[in-house]
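So you know, we letter chains A, B, ... as the sequences are listed, proteins then strands, and number each from 1. Values reported hereafter were calculated over all heavy atoms of this structure, with side chains retained and with hydrogens, waters and symmetry mates removed.
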Amino acid sequence: MTGFQTLLYKELLRFWKVSFQTIAAPILTAMLYLLVFGHVLEGRVEVYPGVSYTAFLIPGLAMMSLLQNAFANSSSSVIQSKVTGNIIFILLPPLSHGEFFWAYVIAAAIRGLVVGAGVFAVTLFTSAVPWPSPLWALTFALLGGGILGVMGLIAGIWADKFDQMAAFQNFIIMPLTFLSGVFYSVHSLPPFWQGVSHLNPFFYMIDGFRFSFFGVSDVSPWLSLSIVGACFAGLSLGCLQLIKAGYKLRR
Amino acid sequence: MSPAVEIRGLSKRYGKLQALDKVDLRIERGEFFALLGPNGAGKTTLISILAGLALADDGEAHVMGHCVRRSYREARRALGVVPQELVFDPFFTVRETLRIQSGYFGLSKNDDWIDEIMTRLDLASKADANMRALSGGMKRRVLVAQALVHKPPVIILDEPTAGVDVELRQGLWQFVTQLNKDGHTVVLTTHYLEEAEALCARVAMLKQGRVVALDTTRNLMRSVAALRLQVWVTPDRLPSSLESGAVKGADGSFTIPLARHADVADAVVALRSSGLEVSAMRILEPDLEEAFMRIMSRQ
Ligand SMILES: Nc1ncnc2c1ncn2[C@@H]1O[C@H](COP(=O)(O)OP(=O)(O)O)[C@@H](O)[C@H]1O
Ligand SMILES: [Mg+2]
């Protein structure tokens, strides 16, 4: 095994060993959202013609869980290693900057994908959602998981303490996810908030992902793909620069 | 052939504190070298820069000829570091920890060597124990084992025996001595100066980020600390030929400085010929502890 494969394996093992918390718990949370919002709003809201509210909600919830768990994986791994000091086991070996980066990001994306797929699987009983177009779905799932994996890595590198990490999570990740149109179509918002929503990259991840199920979306999937792809590339380059400079990792 | 460690003009600040101030140091291949100094002298900072855990503000550091910044991968492959802090990953067992550490170096079939280091460090019985369940001494052994998984030509141990029982200390030094005989360069920091004296042929002393002494252990002890003869005599006085520089101790002894061992005989003759009865006598060899105290109290 190469250094990269070992770090990836370690990162996967880390969440797999506690999969009850890292996989089962977030799936349950998504189910609760579905039960509550689906029950309250079913029949009252029709976002797209012929698509029930529950059906509309499911892809968004799956994507939201995917994003949150990808972020949680890389951010918690890095901050824990930093606080306990065992990050040195990764800093001492001859891992390249790229190996370090990709191992964390891919592990985060895999955790996100597993949780997202789990949410989708347990909602199959509702038989509300059609089978998605696999290429579009996988592209947006991978890019979304990748982006949040990178954001988690950046947050983990930046934060010195757990409460700084909590602030990053509460003041950046949560607002971006909740204002991304998981629970509603941004077209139902007043024009000002519609405009604001279009500045949120998470909106394009959700919208593009939802397109793969219904073939309809608020904006063109190609536009979403370009924006999401550009975000991933930009954040990745920035994060690689941080790693290369040793920012907060090598003092 | 490039030396094991070469440091030129290395400086590092933390805020207003000058942790390292233009340090030059060269450690040859195969040496057993001690890096000594009081707390806060900069030993860990120096080691961290060599390991790439800290970045220097100025100067260069090379491990086996590889610059720690430009050729960081080669430099890290050549170096094994036992950190001062007792850190561990609570997710894994001892064997998993060592396998993963091997993997980071690209070594996947390393079980024979892992078994050997575990045996040598008396860890074999704990191979499948979780890291959390180990005592402090056992965790320290795992740190040593982790530093050795890739058989690095240069091994640096940062206070490996702090708070460790005598048994482990002896076992550890036996193992490290063997590694040194096999050709590995060993650098250690320790507060137990008798350990450094017994093991290390050469010593650097650091004070406030500067190298204040660098020589062979023998030379340092000889040049700075003196050979002395301690005697208890009746009646309680010294012949005039021995009086200069002698110190009377609270225990009634006289401590007489000597230039060399041959002078012991002359001193004894002088005592006898002046009719004094010697009730007890011992030769105080210069030791590293004394040399260290003297060097540190200078300036
Ligand atoms: N990360 C850091 N931030 C601020 N000061 C530091 C840091 N690391 C070390 N220092 C300071 O640098 C000085 C040298 O520390 P260190 O290299 O650990 O000394 P030693 O290992 O010789 O005891 C000390 O005064 C210490 O407080
Ligand atoms: Mg130290």
Discussion item. For the interface with chain A, which of B:A147, B:S108, B:G103 has the highest count of heavy-atom pairs at distances below 4.5 Å?
Written reply: B:G103

Fill in: Per-residue contact mode, B:L79 against chain A (heavy atom under 4.5 angstrom)
neither

Worksheet item: Can you tell which of A:L91, A:N86, A:I90 has the highest number of heavy-atom pairs within less than 4.5 Å of chain B?
Response: A:N86

Fill in: Selection from A:E99, A:Q80, A:Q5, A:K17 maximising heavy-atom pairs under 4.5 Å formed with chain B
A:K17

Item to complete: Give a yes or no on this: more than 12 heavy atoms of other residues, nucleotides or ligands lie within 6.0 Å of atom CG of A:L135.
Response: no

Worksheet item: So what's closer than 4.5 Å to chain A heavy atoms on B:K12: side chain, backbone, both or neither?
Response: side chain

Item to complete: Compare every heavy atom of B:F88 with every heavy atom of A:F89, then report the nearest pair and how far apart it is.
Response: CE1-CA, 3.9 Å

Practice prompt. Return yes if some donor-acceptor pair links the side-chain N/O of A:K10 with the main-chain N/O of B:I100 below 3.5 Å, else return no.
Written response: no

Worksheet, complete the sentence: The reported gap from CG in A:L92 to NE2 in B:H150 (rounded to nearest 0.5 angstrom) is 8.5 Å

Discussion item. Can you confirm whether B:Q174 is buried at CD, in the sense that more than 12 heavy atoms of other residues, nucleotides or ligands lie under 6.0 Å from that atom?
Written reply: no

Worksheet item: So, for B:F92 and A:L13, which heavy atoms are closest and what is the spacing to 0.1 Å?
Response: CE2-CD2, 3.4 Å

Discussion item. Nearest 0.5 angstrom please: B:F105 CZ to A:T6 OG1, how far?
Written reply: 11.0 Å

Worksheet item: Hey, mind stepping through B:V87 and A:T84 against side chain to side chain contact (heavy atoms under 4.5 Å, CB included) and telling me if it holds?
Response: CA-CA 7 Å; B:V87 293; A:T84 59; over 6 Å; no

Worksheet item: What part of B:E74 lies closer than 4.5 angstrom to a heavy atom of chain A: side chain, backbone, both or neither?
Response: neither

Discussion item. Less than 4.5 Å to any heavy atom of chain B: does that hold for the side chain of A:S81, its backbone, both, or neither?
Written reply: neither

Response to the item:
Applying a strict 4.5 Å limit to non-hydrogen atoms, the region of A:A245 in contact with chain B is backbone

Worksheet item: So does A:Q164 have more than 12 non-hydrogen atoms from other groups sitting under 6.0 Å from CD?
Response: yes

Worksheet item: Using non-hydrogen atoms only, which part of B:Y104 is less than 4.5 Å away from chain A: side chain, backbone, both, or neither?
Response: both

Discussion item. Checking the side chain of B:R73 only, and the main-chain atoms of A:P94 only, is there a donor and an acceptor separated by less than 3.5 Å?
Written reply: yes

Worksheet item: Hey, mind stepping through B:R99 and A:Y9 against side chain to side chain contact (heavy atoms under 4.5 Å, CB included) and telling me if it holds?
Response: CA-CA 11 Å; B:R99 279 203 177 141; A:Y9 167 77; over 6 Å; no

Worksheet item: Heavy-atom count around B:E6 CD within 6.0 Å, excluding the residue itself: above 12?
Response: yes

Worksheet, complete the sentence: Applying a strict 4.5 Å limit to non-hydrogen atoms, the region of B:Q101 in contact with chain A is side chain

Worksheet item: Can you find a heavy atom in the side chain of A:R250 that is under 4.5 Å from one in the side chain of B:Y72?
Response: no

